[in-house]
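Note that this is a predicted model, so its numbers are computed, not measured. Only heavy atoms go into these numbers, but all of them, side chains included; no hydrogens, no water, no symmetry mates.
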Amino acid sequence: MYSKKVLNHFAKPRNLGEIKNPDGVGEAINPVCGDSTKISIKVKKIDGKAVVDDIKFRTLGCVAAVATSSLTTELAKGKSLAEIKKFTRDQVVWKLHGLPIKKVHCSNLALDALKKAIQDYQSKQRSKQKPKSIKKIRNKSK
């Protein structure tokens with residue numbers, strides 16, 4: 001039913017856990033089956049690009065949900081946020097050497113959670129950017 005690669009990622013999940021003080025967190029829940037995945041990331045600037053320096057996941061779900069979470073974190077580590085945004089659900093399934101049709105929906109959770117973690121990080125970065133102070137604007141108008 002499952003490929004050797006899926007079973008390996010389920011039995012020995014990579015990047016399992018949570019990051020203390022993460023730069024971004026994302027969570028995805030499948031309302032049909034109840035599986036859920038939470039991904040936390042640490043981002044580092046390298047050559048002007050935001051890159052996933054560390055990544056961890058917590059998944060409550062089936063074999064496919066755990067395996068896809070493990071693989072997704074492996075694929076994302078060391079990649080730029082721009083590269084990760086281009087990841088597709090089909091790529092994750094393909095890299096696991098396939099999933100049973102009725103389990104493909106489980107592969108969506110990790111990638112959805114990862115993209116939400118990136119959105120969370122970017123939102124925090126935007127809020128850190130300080131707008132011009134009112135004082136500076138007033139001084140220019142005098």
In the structure I gave you, are the side-chain heavy atoms of Thr68 and His9 within less than 4.5 Å of one another anywhere? no
Nearest 0.5 Å, what's the NZ-SG distance between Lys103 and Cys33? 7.0 Å
Answer yes when Arg89 and Asp112 have at least one side-chain N-carboxylate O distance shorter than 4.0 Å, and no when they do not. yes
Side chain to side chain contact (heavy atoms under 4.5 Å, CB included) test vs Ser40 passes for just one of Asp54, Asn15, Val25, Asp23, namely Val25
Indicate yes or no: at least one non-hydrogen side-chain atom of Ile41 is less than 4.5 angstrom from one of Leu114. yes
With a 3.5 Å distance limit and no angle check, can you tell me whether Lys115 reaches the backbone of Phe87 through a side-chain donor-acceptor pair? yes
To the nearest 0.5 angstrom, please state how far the CG atom of Leu71 sits from the CD atom of Glu74. 6.0 Å
Any link between Val93 and Phe10 through a network of hydrophobic side chains (Ile, Leu, Val, Met, Phe, Trp, Tyr) touching at under 4.5 Å? yes
How close do Val43 and Ala50 get, counting heavy atoms only, and between which atoms? CG1-CB, 3.7 Å
Given the rule that I, L, V, M, F, W and Y join up when any side-chain heavy atoms are under 4.5 Å apart, are Leu96 and Ile84 in one cluster? yes
Closest non-hydrogen atoms of Ser3 and Gly98, given as atom of the first, atom of the second and distance, are OG-O, 4.3 Å
Hydrophobic cluster identity match, Leu75 and Ile19, side-chain contacts under 4.5 Å: no
Quick check: is Val63 connected to Leu16 through a chain of hydrophobic side chains (ILVMFWY, heavy atoms under 4.5 Å apart)? yes
How long is the gap from CD on Gln119 to CG on Leu81, to the nearest 0.5 Å? 11.5 Å
Backbone N or O of Val32 within a donor-acceptor pair of the Asn30 side chain at under 3.5 Å? yes
Side chain proximity check, Arg58 to Thr37, heavy atoms < 4.5 angstrom: no
If you count heavy atoms of other groups shown closer than 6.0 angstrom to NZ of Lys5, is the number above 12? yes
Crowding at NZ, Lys56 (>12 non-hydrogen neighbours, <6.0 Å): yes
As an exercise, state the distance from OG of Ser80 to NZ of Lys45, rounded to the nearest 0.5 Å. 11.0 Å
Less than 4.5 Å apart, side chain to side chain, heavy atoms only: is that true for Leu99 and Ser107? yes
Hey, does His97 have a side-chain heavy atom less than 4.5 Å from the side chain of Lys4? no
Grab the two heavy atoms, one from Cys106 and one from Ala64, that are nearest each other, plus how far apart they are. CB-CB, 3.9 Å
With a 3.5 Å distance limit and no angle check, can you tell me whether Asp53 reaches the backbone of Lys44 through a side-chain donor-acceptor pair? no
Check step by step if side-chain contact (heavy atoms from CB on, under 4.5 Å) holds for Val92 and Lys95. CA-CA 5 Å; Val92 174; Lys95 294 255 185 197; 5.9 Å; no
Under a 4.5 Å cut-off applied to non-hydrogen side-chain atoms, are Ile39 and Ile55 in contact? yes
Ser70 side chain to Arg14 main-chain N or O, any donor-acceptor pair under 3.5 Å? yes
Carboxylate-amine/guanidinium proximity below 4.0 Å for Lys116 and Asp120: no
Are Lys79 and Val52 close enough that some pair of their side-chain heavy atoms sits under 4.5 Å apart? no
Taking side chain as C-beta onward, heavy atoms only, is Ile118 less than 4.5 Å from Lys85? yes
same_hphob_cluster(Leu109, Val104) at 4.5 Å side-chain heavy-atom cutoff: no
